[in-house]
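In what follows, a single structure is set out as structure tokens and then discussed.
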Amino acid sequence: MSYKLLFVCLGNICRSPSAENIMNHLIKESSLDSHIICDSAGTSAYHIGSAPDRRMSAAAQKRGLELVGKARKFRALDFEKFDLILAMDRSNYQDILYLDQVGKYQDKVQMMCSFARTYRDREVPDPYYGGQDGFNYVIDLLFDCCSGLLDYVVKEKL
Ligand code: 4NP
């Protein structure tokens, strides 16, 4: 049995696909491919079917990473399918839990930044309406969060 992670943001074209691809990169480096599975989704339907934003891909490329994926919308079924759901910001967190009115899956939903070790951010900032620096920052922050998250999964969940 593998441990299943789902990364969630608003559009599923910037932050959550970056988190998914960075996490897959770290998982491969640790030869844990068959033990941890990653996916990502957006709380909105704005960009369903779209590839990652090219500004986000450019930022990832600078760190030697190619972003692959196609946007999809988060759905209630994901609560059952995944072991841990990582929200990029507070509004993503609330939008996810809105689909869980009785609080059955509340413990499965965590803030991505709770796994950060070097960075002090409480949320992964939405880079969509800003400049390229914001996209670069998101990649660096997510590398930090993903490495903390990988340590947590390896120590507590495998
Ligand atoms: P993401 O970024 O949630 O990190 O994928 C955004 C993508 C699209 C929009 C906002 C944020 N939008 O408003 O279309």
Side-chain angles (χ1 to χ4, degrees), residues 3-33 36-79 81-99 108-153:
Y3 194 74
K4 297 184 184 63
L5 298 167
L6 181 67
F7 301 96
V8 180
C9 62
L10 177 65
N12 193 209
I13 54 168
C14 297
R15 294 165 292 174
S16 62
S18 298
E20 177 190 357
N21 280 275
I22 289 168
M23 198 64 191
N24 275 330
H25 170 77
L26 298 180
I27 289 167
K28 270 211 183 82
E29 267 185 357
S30 307
S31 304
L32 290 168
D33 317 42
I36 309 171
I37 286 173
C38 301
D39 192 8
S40 66
T43 57
S44 78
Y46 304 154
H47 297 279
I48 290 174
S50 296
D53 186 288
R54 58 171 62 81
R55 299 164 296 173
M56 199 75 250
S57 295
Q61 197 71 61
K62 279 192 200 147
R63 302 285 184 274
L65 207 75
E66 189 198 350
L67 295 187
V68 294
K70 207 168 104 173
R72 73 164 176 93
K73 192 172 188 287
F74 180 82
R75 50 184 180 263
L77 236 110
D78 290 321
F79 286 124
K81 201 170 162 200
F82 291 91
D83 298 297
L84 186 58
I85 297 166
L86 289 314
M88 298 298 132
D89 65 31
R90 284 184 200 93
S91 83
N92 306 147
Y93 180 84
Q94 281 162 2
D95 290 342
I96 294 164
L97 286 180
Y98 183 75
L99 296 176
K108 281 193 177 187
V109 186
Q110 304 283 330
M111 292 292 287
M112 185 62 174
C113 283
S114 65
F115 295 96
R117 293 188 291 199
T118 304
Y119 285 76
R120 312 276 309 167
D121 300 63
R122 310 308 304 162
E123 305 179 279
V124 181
D126 181 349
Y128 193 71
Y129 292 105
Q132 189 61 44
D133 284 357
F135 290 87
N136 299 341
Y137 185 82
V138 164
I139 293 291
D140 293 340
L141 172 58
L142 285 175
F143 259 102
D144 188 41
C145 297
C146 283
S147 102
L149 175 60
L150 183 59
D151 274 3
Y152 163 77
V153 173

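Residue numbers start at 1 and run along the sequence shown.
- Using a 4.5 Å cut-off on side-chain heavy atoms (C-beta onward), I96 and D78 make no contact.
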One pair to check against side chain to side chain contact (heavy atoms under 4.5 Å, CB included): V138 and C14. What are the steps and the verdict? CA-CA 9 Å; V138 164; C14 297; over 6 Å; no

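- Pairs passing the side-chain hydrogen bond (donor to acceptor under 3.5 Å, both in side chains) check and including a residue from residues 16-26, sequence neighbours excluded, read N12-S16, E20-S40, H25-E29.
- Summarising the geometry, atom NZ belonging to K108 is positioned 12.5 Å from atom CG belonging to L97; distances are rounded to the nearest 0.5 Å.
- In this structure, L10 and S91 have side chains that are not in contact, with every pair of non-hydrogen atoms separated by 4.5 Å or more.
- Using a 4.5 Å heavy-atom threshold, the side chains of Q132 and N136 count as touching.
- A cation-pi arrangement, defined by a distance under 6.0 Å to the six-membered ring centre and an angle within 45 degrees of its axis, is absent between R15 and Y128.
- The shortest distance between side-chain heavy atoms of L86 and F115 falls below 4.5 Å.
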Under the side chain to side chain contact (heavy atoms under 4.5 Å, CB included) rule, what do L84 and L149 come out as? Steps first, then yes or no, please. CA-CA 10 Å; L84 186 58; L149 175 60; 3.8 Å; yes

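- For the pair Y93 and M111, the minimum side-chain heavy-atom distance is below 4.5 Å.
- The distance from atom CG of L77 to atom CG of L99, rounded to the nearest 0.5 Å, is 11.5 Å.
- In this structure, D144 contributes its side chain and L141 its backbone to no donor-acceptor pair below 3.5 Å.
- Residue pairs meeting the salt bridge (charged side-chain N to carboxylate O under 4.0 Å, His left out) criterion with at least one member in residues 39-52, sequence neighbours excluded, are D39-R72.
- Separating the CG atom in L32 from the CE atom in M23 is a distance of 9.0 Å, to the nearest 0.5 Å.
- Ring centroids of F7 and F74 are separated by 6.0 Å or more, keeping the two rings apart.
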Full working for side chain to side chain contact (heavy atoms under 4.5 Å, CB included) between L150 and I36: CA-CA 9 Å; L150 183 59; I36 309 171; 3.6 Å; yes

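- Between D53 and F135 the shortest heavy-atom distance is OD1-CE2, 4.1 Å.
- To the nearest 0.5 Å, atoms SG (C145) and CZ (R117) are separated by 10.0 Å.
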Solution key, residues 58-67 side-chain donor-acceptor pairs under 3.5 Å, sequence neighbours excluded:
| from | atom 1 | to | atom 2 | distance (Å) |
| --- | --- | --- | --- | --- |
| R63 | NE | D140 | OD1 | 2.7 |
| R63 | NH2 | D140 | OD1 | 2.8 |
| R63 | NH2 | D140 | OD2 | 2.9 |

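- Using a 4.5 Å heavy-atom cutoff, the side chains of C146 and M112 are in contact.
- What you find for A51 and I13 is that their closest heavy atoms are O-CG2, 3.6 Å.
- Two residues are said to be in side-chain contact when any heavy atoms from C-beta on lie closer than 4.5 Å; V124 and C113 meet this criterion.
- Rounding to the nearest 0.5 angstrom, the gap separating the CD1 atom in I37 from the CZ atom in F82 is 8.5 Å.
- Residues A19 and L142 share a closest heavy-atom pair of N-CD1, 3.7 Å.
- Contact between K70 and G49 at its shortest, heavy atoms only, is CG-O, 3.1 Å.
- Pairing each heavy atom of V153 with each of L5, the nearest pair is CG2-CD2, 4.3 Å.
- Nearest heavy-atom pair, S44 versus G11, reported as atom, atom and distance to 0.1 Å: OG-CA, 3.9 Å.
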